[in-house]
K.L.:
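Mind looking over this structure? Questions follow.
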Amino acid sequence: MRALMPGWPIAFLAVVLWLPGSLPAAAGQAAVATAHPAATAAAREVLEAGGNAFDAAVAITATLAVVEPYSSGLGGGGFYLLHDAASGRDVMLDARERAPGEASRDMYLDDEGNPQPELSVDGALAAGIPGIPAALDHLAGQYGRLGLDETLRPAIVAAREGFEVTPMYRRLAGFRREVLAADPVSRETFLADGELPDEGAIIRQPELAETLERIALDGRDGFYRGELAGRLVDGVRRAGGIWCRSDLAGYRVVEREPVVSRFRGFEVVSAAPPSSGGVAIAQILNTYRALERRAGELDDLSVPGLHYRVEAMRRAYRDRAEYLGDPDHVDMPIERLIGADYAAGLAVGISPSRATSSASLAPVVTEPEGPHTTHFSVMDSQGNYVAATLSINYPFGAGVTVPGTGVLLNDEMDDFSQKPGVPNVYGLVGAEANAIAPGKRPLSSMSPTFVRNDDLVGVLGTPGGSRIITMVLGGVLAATRGEPVAEWVSGPRIHHQYLPDRIEVEPDLLGDEQRAELEAMGHEIEVKDSFGNMQAVAWWRDGDRLEAASDPRGEGEAVVFDPEVP
Ligand code: GLY
């Protein structure tokens, strides 16, 4: 071989360093954004003890389970989007609840076949088999560096010593006061003599601390088998639920391939079914891009940009209702739905000047989804990162805390279609893909997401029921415009979900003129109170700078710091 010029290695390296994708693999700092300062502090403690982003995810999940009992918990589920720096791999950890083995398609219908909505929202019959304890064990065992004894410690301390009631706690406990008051353990734990506790009052959960200690000691078996499993099943059945020991022993998290789409030179990585998030976001972005090809580059916040965004949302939510469900139970045309050809076809039917009536699209039933949930985003100094959206569905879930466990039950069964395949009063049919079946996971909107190009790694997500998808979309669009992370989480929001056929906006989004123009196009507009609680972190690779931001609508905390790993 011919001898290399003396300067060759340096010149070669310099070229390699500038090739796309070859920028530094980690920022050397860490960033955390969660919905509660105690969870952010737990992540910091674990990262400073030498843990990685996955250990931090365990600590945050468990701490949120203690201090945000209205949002998520050991009795709930969620989706974790993971990026493992060593392998370069993205994976979605599906810890969604599963329907118990005794669940049946019509379990929430009365003798006349009418849905009884309270049965799938309040009380033990509403609870799916939880996924969070299995996720903690999986994250620690497959990805973490530290033991659960170390990563669960901050949550155990918080459960035993207590946390302070905040304005958000009071608002959400107020919303669910009657349900909480009806359950002896929830009443004792979360209320004060059946009334709302004062701001600053301390909520202690010693039984939850013991349950966390069992998981720290025995991993998933500490929850899904043995004495605790027995208590859970007895308590649930005594309260009118249908859990069995085999449901708990058989629960598994599943690693799934995330849904990936491309937009404006960015890669958008998001949750796969049983979340509808990734598919819907891909479909909306593809349709918007097809419309941009026709109309020229769109200003996202102009009237044409908002009109086209809404029309793309309308169609994606219609398809979501018709096609999506648990991938282990239903065949879904995912490749077609997220394909460019399909989006181009949708774009053909979108007028530049007139709103489409949702009634003119092929009809399907849409189901309302629970309004509460939580999200966190974390990145470590080695380039691992996690976006996780976790839920027990309604604030304080089903309102039932199982005696002797500290476990507050979810009401995620409400995310199934209650009455699939039967025309409703509007003659709409559909939602068969999301019918209840034993062992099935209900369709979700939770959308933990990464948005990346050579300059940026963005990690984001939010709670908010069916609005999660359009809020995350707004954050992705802000990221592609190069806005700082604080803007992703705080920018005013716009939402359309096919039915009801109206645009929902936050008060600050539209000026009077913009609103009049959209109404003249045929859009109905409803101005809502602010919604969402987005948590995001970003690494701007070009300047090697980390940012983190917590939604000003919530009570969360975001930090960037040097973990000074020992
Ligand atoms: N329960 C809210 C969701 O899964 O989207």
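Whatever order the structure lists them in is the order used to number ligands and atoms, beginning at 1. These numbers come from the heavy atoms of this one structure, side chains and all, not from hydrogens, waters or symmetry mates.
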K.L.:
Under a 4.0 angstrom heavy-atom cut-off, which atoms of ligand 1 come close to Ser445?
P.N.:
3 (C), 4 (O), 5 (O)

K.L.:
How would you list, by chain and number, every residue that makes a side-chain contact (heavy atoms from CB on, under 4.5 Å) with Gln142, sequence neighbours excluded?
P.N.:
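By the side-chain contact (heavy atoms from CB on, under 4.5 Å) rule, Gln142 matches His138.
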
K.L.:
Could you tell me, atom by atom, which parts of ligand 1 come under 4.0 Å of a heavy atom of Met446?
P.N.:
3 (C), 4 (O), 5 (O)

K.L.:
List ligand 1 atoms under 4.0 Å from Glu412, heavy atoms only on the residue side.
P.N.:
1 (N), 2 (C), 4 (O)

K.L.:
Once you restrict to heavy atoms under 4.0 Å, what part of Ser444 touches ligand 1? Side chain, backbone, both or neither.
P.N.:
both

K.L.:
Considering only residues two or more places apart or on different chains, which pairs with a residue in residues 246-255 satisfy salt bridge (charged side-chain N to carboxylate O under 4.0 Å, His left out)?
P.N.:
Arg89-Glu255

K.L.:
Taking the non-hydrogen atoms of Gly465, is any one of them nearer than 4.0 angstrom to ligand 1?
P.N.:
no

K.L.:
Salt bridge check: are Arg314 and Asp501 linked by an N-O gap of less than 4.0 Å?
P.N.:
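Salt bridge flag = yes for Asp501 with Arg314.
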
K.L.:
Judging by distance only, is a nitrogen or oxygen of Asp415 under 3.5 angstrom from one on ligand 1?
P.N.:
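Yes, since at least one N or O of Asp415 sits under 3.5 Å from an N or O of ligand 1.
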
K.L.:
Would you sort out whether Val268 and Ile281 count as a side chain to side chain contact (heavy atoms under 4.5 Å, CB included), showing the intermediate values?
P.N.:
CA-CA 9 Å; Val268 180; Ile281 288 170; 4.2 Å; yes

K.L.:
Taking the ring of Tyr80 and the ring of Tyr143, is the distance between their centroids below 6.0 Å?
P.N.:
no

K.L.:
Can you see which heavy atom on Tyr317 is nearest to which on Arg467, and at what distance?
P.N.:
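Shortest heavy-atom separation between Tyr317 and Arg467 comes out as OH-CA, 4.4 Å.
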
K.L.:
Where's the contact between Arg96 and ligand 1, heavy-atom distance under 4.0 Å: side chain, backbone, both or neither?
P.N.:
side chain

K.L.:
Within ligand 1, which atoms have a heavy atom of Ser391 less than 4.0 Å away?
P.N.:
1 (N)

